[in-house]
Amino acid sequence: MMIGIKPLGDRVAIKKVDAEEKTQGGLILTSSAKEEPQIAEVVAVGPGTKDDAMELKVGDKVIFPKYGGTEVKYNGEEYIILHQSDVLAVIE
C-alpha cells in the first residue's frame with residue numbers, strides 16, 4: 001500500500017480502523033455512542049535504527065495509546081505517526 005508518507009528511523013504510520021456500528025447484542029450505535037478505536041493498521045514503516053530493528057510491517061493490526069503519536073492529514077486521509085516503541089501490542 002503506497003500512501004506517499006515514508007516514516008524515518010523507528011517510526012511507523014498507522015491508520016485507525018472504523019469503529020463498530022453494532023454491539024455484540026445487535027444494537028446499532030449512533031455516531032456519538034461509538035467509542036474511538038485504539039486499533040489501527042500499519043500503513044508504512046521506517047527502516048529502523050542501528051539500535052532498534054523494525055519489528056512491525058505494513059498490514060499489521062496494532063493497539064496504540066489513546067493520546068500517542070502525531071496526527072497527520074495527507075491526501076484527505078488521517079494517519080498517526082508514532083515510534084515503534086509506542087505501539088502497545090500487535091493483534092494476531
Side-chain angles (χ1 to χ4, degrees):
M1 169 186 252
M2 186 63 145
I3 63 167
I5 296 175
K6 176 76 172 135
L8 301 176
D10 70 336
R11 291 178 180 87
V12 297
I14 60 175
K15 185 172 180 175
K16 291 181 185 178
V17 297
D18 292 329
E20 290 293 320
E21 295 185 12
K22 284 186 183 180
T23 65
Q24 288 182 348
L27 297 175
I28 297 176
L29 300 172
T30 64
S31 60
S32 62
K34 293 178 194 172
E35 188 167 328
E36 192 70 19
Q38 287 181 256
I39 297 175
E41 182 177 352
V42 176
V43 294
V45 298
T49 64
K50 66 178 183 160
D51 297 325
D52 294 311
M54 182 55 63
E55 296 178 40
L56 298 172
K57 61 186 181 309
V58 173
D60 281 348
K61 296 274 195 255
V62 296
I63 299 173
F64 65 99
K66 195 170 195 172
Y67 300 107
T70 300
E71 293 186 8
V72 176
K73 229 180 194 179
Y74 183 75
N75 283 342
E77 298 286 337
E78 292 184 16
Y79 302 97
I80 298 172
I81 298 175
L82 66 163
H83 287 276
Q84 174 180 236
S85 61
D86 292 336
V87 172
L88 303 174
V90 175
I91 298 172
E92 295 182 340

**Prompt:** Roughly how far apart are I5 CD1 and I81 CD1, rounded to 0.5 Å?
**Reply:** 5.0 Å
**Asked** At what distance, to the nearest 0.5 angstrom, does CD1 of I63 lie from CD1 of I14?
**Response** 11.0 Å
**Request:** Considering non-hydrogen atoms only, spot the tightest contact between P47 and P7 and give its length.
**Result:** CD-O, 3.9 Å
**Fill in**
Applied to residues 43-55, the side chain to side chain donor-acceptor pair (under 3.5 Å) test, sequence neighbours excluded, yields none
**Shortest non-hydrogen separation from Y74 to G4 and the atoms involved** = OH-O, 3.8 Å
**Asked** About how many Å separate CZ of R11 and CE of M54, when rounded to the nearest 0.5 Å?
**Response** 10.0 Å
**Message:** Consider side chain to side chain contact (heavy atoms under 4.5 Å, CB included). Of V12, L88, I80, which one does F64 pass it with?
**Reply:** I80
**Request:** Determine which pairs satisfy side chain to side chain donor-acceptor pair (under 3.5 Å) with at least one residue from residues 76-86, sequence neighbours left out, and list them in order.
**Result:** D10-H83, K15-E77
**Asked** Can you name the closest pair of heavy atoms from V58 and V43 and give their distance?
**Response** CG2-O, 3.8 Å
**Within residues 56-65 or reaching into it, pairs that qualify as salt bridge (Lys or Arg N to Asp or Glu O under 4.0 Å) - sequence neighbours excluded** = E41-K61, K57-D60
**Prompt:** So which heavy atom on G69 is nearest to which on L82, and how close?
**Reply:** CA-CB, 3.7 Å
